[in-house]
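Notes follow once the structure below has been shown.
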Amino acid sequence: MTDRLAGRLIALGVTGSIAAYKAIELLRLLTADGADVVVMLSPSATRFVGPLSFAALSRHPVETEILDLLPDGRIGHVVIADTADALVVAPATAHWLGSMAAGLAGDVVTATCLATSAPVIAAPAMDGDMWTHPATRANVQRLRSDFGYIVVEPESGPLASGQSGVGRLADLGSIVDAVVEATRDRPVRQPDEAARPPLSTGPIRDSDLVGRHLVVTAGGTREPIDPVRFIGNRSTGRMGVAVAEAALDRGARVTLIVADTDVPLPTDRAHLIRVETTGELRAALLGALFGGDAPPAEARFDALVMAAAVSDFTPAHPAERKIGREAGLTLELQATPDLLAEAGRIAHGLDSGGAETRARVTPRPVLVGFAAETGSLGRAAAKLARKGVDLLVVNDVSEPGSGFGTDTNRVEVLGAAGDRTALPLLSKREVADRLLDRIAEMLDSRDAEAQTAAMHEPPR
Ligand code: CTP
């Protein structure tokens, strides 16, 4: 996988040709090259391919109606025209070439092309005689020389009519190359996802965690100094609660262990455990994951998302009575246990020294940690390894719009294989969904691998 289109929004316009089904693969290729893709279907394209596959793969609602407004009242095709880095029309029919050449904005694909200043790439597909007709030749010529469009010429081969000739949609790789080429030296037009076409909500992701048990921790722990004072931190619990809510919306069973938080909790949907101190969090966590700190043979959970801000220190001798101010105060602090690392060790069958002394928990759960850093994110890879997690979500809390008390977050997701995915500034709910996309995918491939392994097991 390359990322020649990383950070870019590409609008894919599909018109009514038999080759419309190939646009699904084209969408996949553009996405594999890092693009955020939004799809527009002309009315005749919808007779060949439905919007559902495009919506599922692009994660954006598909634009089919020129007059449709977005939920927030913006005009869909104008938002696309204003934010896309390039428009690619593939397959482009003879009818679409004619409408475009004449500037007739009768469908959403043509209207968006008319309204944009982004480069347009058209990949025609049609019958051989239609391609060579003087009308088509003139239209293509006008698109090229008057509009500056890039036309990726069709290829020769068997056509839908049963005949052979020039008219087949060009090789999809060469269409992607043309998009890369057209955008190469241009800055990303609209890096802010909020200004781009909205992402799908609901139906696409709504059931990919059915049957999964997720344990999520959220909020900041409080370590008592005396009955009225504590050591706390700035965490509000928003990120962890967003993960829990998104997971519930996608069908998961969720155990939410919450320390101090100031956001409403999904009390009637999640199994909620309230804790205050790191000690209480440890007991609740190991109980939910393993039924205690003894390793079980079978996992009781599919994924742990450890978003709680766990205090690293706790007063060594909390006072039973309120400490008066007369004598002054010097606190002796002791380090708390690293709960995530401990959960990781138990899940992976390791003892506290890192030796494999017992069986791994099966099926293998997915472990996710969060790391709030200030300034450099350089320590994160070592932290991921130290804690034995599959994913570490790292953010720089000193950056505006990121971290404690904000509704947004800009994070980088590190994978155990050394991969890094930098997400743009997103709402915490969207960060949660992106993370759950990864978790759902990892759980699905875990199960697929287990099934394949079971099929190859020798008969007993
Ligand atoms: N964490 C934990 N137990 C602790 C401290 C942290 O389980 N005692 C978890 C957090 O919930 C988070 C991850 O570990 O998911 C990383 O937290 P962070 O505070 O960044 O890591 P630390 O191990 O405390 O490292 P440092 O303080 O050196 O940055």
Side-chain angles (χ1 to χ4, degrees), residues 214-224 230-244 247 255-261 273 275-290 293 301 303-316 333-348 350 352 354 365-399 402-404 409-416 420 428 431-432 435-436 438-439:
L214 266 73
V215 176
V216 180
T217 67
T221 61
R222 291 177 163 186
E223 310 301 316
F230 59 83
I231 298 176
N233 60 63
R234 291 185 188 280
S235 168
T236 59
R238 279 184 216 191
M239 191 61 240
V241 172
V243 172
T255 300
L256 175 58
I257 307 175
V258 258
D260 182 55
T261 170
I273 306 176
V275 296
E276 187 172 319
T277 63
T278 300
E280 288 170 14
L281 176 56
R282 177 174 181 274
L285 182 67
L286 297 183
L289 299 179
F290 309 115
D293 53 10
F301 69 110
L304 165 66
V305 180
M306 189 79 186
V310 186
S311 177
D312 287 324
F313 298 101
T314 189
L333 301 179
Q334 64 188 24
T336 55
D338 187 329
L339 308 185
L340 185 55
E342 188 174 357
R345 279 198 304 273
I346 297 177
H348 300 148
L350 307 174
S352 54
V366 172
L367 304 176
V368 183
F370 276 73
E373 303 287 346
T374 47
S376 157
L377 305 184
R379 302 179 331 133
K383 197 175 273 191
L384 176 139
R386 193 170 73 234
K387 294 185 186 261
V389 292
D390 301 287
L391 299 174
L392 189 71
V393 184
V394 191
N395 67 343
D396 182 348
V397 287
S398 59
E399 208 185 279
S402 231
F404 304 122
N409 215 351
R410 187 197 303 280
V411 305
E412 204 167 322
V413 183
L414 273 61
R420 302 176 86 110
K428 286 189 172 167
V431 172
L435 190 58
L436 292 172
R438 288 282 294 267
I439 294 173

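Just so you know, ligand 1 is whichever comes first in the structure, and atom 1 is the first atom listed for that ligand.
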For atom 19 (O) of ligand 1, the protein heavy atom that lies nearest, with its residue and separation: Asp312 OD2, 4.3 Å

Checking Val368, Val243, Leu304 against Ile439 for side-chain contact (heavy atoms from CB on, under 4.5 Å), the one that qualifies is Val368

One pair to check against side-chain contact (heavy atoms from CB on, under 4.5 Å): Thr278 and Thr314. What are the steps and the verdict? CA-CA 8 Å; Thr278 300; Thr314 189; 5.9 Å; no

Which ligand 1 atoms, with their elements, are less than 4.0 angstrom from a heavy-atom of Arg386? 23 (O), 25 (O)

Measuring from atom CG of Asn409 to atom CE of Met239, what distance do you get when rounded to the nearest 0.5 angstrom? 6.0 Å

Of the backbone atoms (N, CA, C, O) and the side-chain heavy atoms from C-beta on, which set of Asp338 has a member under 4.0 Å from an atom of ligand 1: side chain, backbone, both, or neither? both

Test item: Thr261 side-chain N/O and Gly219 main-chain N/O as donor-acceptor pair under 3.5 Å: no

Picking from Val215, Val366, Thr255, what satisfies side-chain contact (heavy atoms from CB on, under 4.5 Å) with Phe301? Val215

Separation between NZ (Lys428) and OG1 (Thr236), nearest 0.5 Å, reads 5.0 Å

Write out the residue and atom name of the closest protein heavy atom to atom 10 (C) of ligand 1, then the distance separating them to 0.1 Å. Ala308 O, 3.6 Å

To the nearest 0.5 Å, what is the distance between CG (Asp338) and CZ (Arg386)? 7.0 Å

Side chain or backbone, does Val310 bring an N or O within less than 3.5 Å of an N or O on ligand 1? no

Going from CG on Leu289 to OG1 on Thr217, what distance comes out if it is rounded to the nearest 0.5 angstrom? 9.5 Å

CG-CZ distance between Asp260 and Arg222, expressed to the nearest 0.5 angstrom: 3.5 Å

Identity and distance of the protein heavy atom lying nearest atom 7 (O) of ligand 1: Leu340 N, 2.8 Å

From OG1 (Thr221) to CG (Asn233), nearest 0.5 Å: 6.0 Å

May I ask whether Arg379 has any heavy atom positioned less than 4.0 angstrom from an atom of ligand 1? yes

Per-atom contacts of ligand 1 with Ala371, taking only distances under 4.0 Å to non-hydrogen atoms: 20 (O)

What about Met306: any of its N or O atoms under 3.5 Å from an N or O on ligand 1? yes

List every atom of ligand 1 that sits less than 4.0 Å from any heavy atom of Thr336, numbering the atoms from 1 in the order shown and giving each element. 8 (N)

Below 3.5 Å, N or O to N or O, backbone or side chain included: is there any such pair between Lys383 and ligand 1? yes

Does Leu339, backbone or side chain, put an N or O under 3.5 Å from an N or O of ligand 1? yes

Counting only heavy atoms, which portion of Pro337 has something under 4.0 Å from ligand 1: side chain, backbone, both, or neither? backbone

When you measure from atom 14 (O) of ligand 1 to every protein heavy atom, which one gives the shortest distance, and what is it? Lys387 NZ, 2.9 Å

Which residue supplies the protein heavy atom nearest to atom 17 (O) of ligand 1, what is that atom called, and how far is it? Phe370 O, 3.5 Å

Looking only at distance, does Gly369 have an N or O less than 3.5 Å from an N or O of ligand 1? no

